[in-house]
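Since the structure comes first, as structure tokens, the remarks are kept for the end.
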Amino acid sequence: MPIRVLLVDDEEDILWGLSEELSRNKIEVDTATNGLEALEKIKKKQYDFLVTDIRMPGLSGSELLIETKKIQPDIKVIVMTAYGSDEVKQDVLTKGAISYLEKPFDFDQILNVIMEKQVAGEEETLRNLTLQQFLQLVSMEGKSCEIVVNTSEGEGKIFFEEGEVINASIGCVLYTSGRCR
């Protein structure tokens, strides 16, 4: 299945250039010239990536990011702007963007971000979760895995099998089937 990208910018020459380059790399591309048009497309079709400008009439890229995440929480958002600053970068990354690019940028930068993040898939880092919330997710999903945790007492490991803790250790202390040893 091809990677699906929605490009949003009020500058049509940027839309055309990026669309052509991404299409040459076997990426399925849709475009929108403003945030409201993009939001309508997002309501009707699933995308892997949203690449959006910040400054646009109507709905800004930052507002589009927030509204998009409500509809498609797993979409990966790349924000681009000609009016960059550390504050804008921090703002969009905090709101869930995976990348921030200042114009002008080399086309390969966007392509590299898309290809790297698509390949990463399930290896993506979980943000804004406490350890307890993460452990609850592993349990609820019935996952089998080993989790390494670093604490002030040393490195610990928690072993899950089908969502159940089967073994855990920290430093030299071992917890097995409900007993400490």
Side-chain angles (χ1 to χ4, degrees), residues 1-138 140-141:
M1 177 179 265
I3 299 170
R4 294 173 312 270
V5 174
L6 177 59
L7 294 174
V8 189
D9 200 312
D10 57 338
E11 295 182 47
E12 292 194 28
D13 56 330
I14 291 176
L15 276 184
W16 181 83
L18 286 175
S19 179
E20 288 294 310
E21 290 294 327
L22 291 174
S23 295
R24 273 189 223 137
N25 285 277
K26 309 286 189 258
I27 295 174
E28 182 182 307
V29 180
D30 287 337
T31 62
T33 56
N34 62 63
L36 293 173
E37 179 185 353
L39 204 53
E40 288 305 311
K41 290 185 178 199
I42 288 164
K43 289 176 183 175
K44 296 175 184 170
K45 183 176 178 181
Q46 285 291 122
Y47 293 97
D48 300 302
F49 291 87
L50 168 66
V51 179
T52 184
D53 190 20
I54 287 280
R55 288 193 180 179
M56 296 181 293
L59 195 65
S60 74
S62 184
E63 294 165 326
L64 176 60
L65 166 60
I66 292 167
E67 294 305 313
T68 297
K69 287 290 192 172
K70 291 177 186 175
I71 300 165
Q72 293 186 30
D74 295 332
I75 196 169
K76 297 168 189 81
V77 181
I78 300 168
V79 173
M80 54 187 179
T81 184
Y83 305 97
S85 70
D86 288 338
E87 293 81 25
V88 171
K89 179 179 181 178
Q90 188 59 40
D91 178 58
V92 297
L93 292 175
T94 300
K95 290 176 180 169
I98 61 163
S99 187
Y100 169 87
L101 300 172
E102 290 188 22
K103 296 176 186 175
F105 52 81
D106 183 5
F107 164 75
D108 288 338
Q109 288 177 280
I110 280 193
L111 183 61
N112 288 340
V113 170
I114 289 173
M115 299 313 283
E116 286 173 14
K117 295 300 182 177
Q118 186 65 20
V119 168
E122 290 186 9
E123 294 178 14
E124 278 289 294
T125 301
L126 296 172
R127 296 182 191 174
N128 301 323
L129 284 182
T130 65
L131 176 60
Q132 181 181 6
Q133 291 169 325
F134 179 75
L135 295 175
Q136 287 173 339
L137 281 174
V138 171
M140 288 184 333
E141 293 285 324

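Note that the coordinates shown come from a computational prediction; the quantities given were computed from them, not determined experimentally.
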### Task
Specify the closest pair of heavy atoms between Pro2 and Glu28, including all atoms of both residues, with the distance to one decimal.
CG-OE1, 3.8 Å
### Nearest non-hydrogen partners of Val29 and Ser19, listed with the distance
CG1-OG, 3.6 Å
### Query
Rounded to the nearest 0.5 Å, how far apart are CD of Glu102 and OG of Ser85?
7.5 Å
### Summary
Closest non-hydrogen contact found for Ala38 with Val8 is CB-CG2, 3.5 Å
### Message
Within the 4.5 Å heavy-atom criterion, are Val77 and Leu64 side-chain neighbours or not?
### Response
no
#### Entry: Any side-chain heavy-atom pair of Gln72 and Leu6 under 4.5 Å
no
### Message
I'd like to check Phe49 versus Ile3 (side-chain heavy atoms, cut-off strictly below 4.5 Å). Are they in contact?
### Response
yes
### Message
Against Val79, only a single residue in Asp53, Val92, Leu50, Val51 fulfils side chain to side chain contact (heavy atoms under 4.5 Å, CB included); can you say which?
### Response
Val92
### Residue from Ile110, Asp30, Ile78, Thr31 passing side chain to side chain contact (heavy atoms under 4.5 Å, CB included) with Leu7
Thr31
### Task
Could you tell me whether the side chain of Ile114 reaches within less than 4.5 Å of the side chain of Leu22, counting heavy atoms only?
yes
### Task
Check whether any side-chain heavy atom of Asp10 lies under 4.5 Å from a side-chain heavy atom of Asn34, and answer yes or no.
no
### Query
At what distance, to the nearest 0.5 angstrom, does CZ of Arg4 lie from CD1 of Ile75?
9.5 Å
### Task
Taking the side chain as every heavy atom from C-beta outward, state whether Leu111 and Ile27 have any atom pair closer than 4.5 Å.
yes
### Query
So do the side chains of Thr68 and Leu39 get within less than 4.5 Å of each other, counting heavy atoms only?
yes
### Query
Salt-bridged, Asp9 to Lys103, with N to O below 4.0 Å?
yes
### Message
Does any part of the side chain of Thr52, heavy atoms only, come nearer than 4.5 Å to the side chain of Leu65, both counted from C-beta?
### Response
no
### Task
Provide the full list of salt bridge (charged side-chain N to carboxylate O under 4.0 Å, His left out) pairs with a residue in residues 83-93, sequence neighbours left out, each pair given once.
Asp91-Lys95
#### Entry: Separation between NZ of Lys43 and NZ of Lys70, rounded to the nearest 0.5 Å
10.5 Å
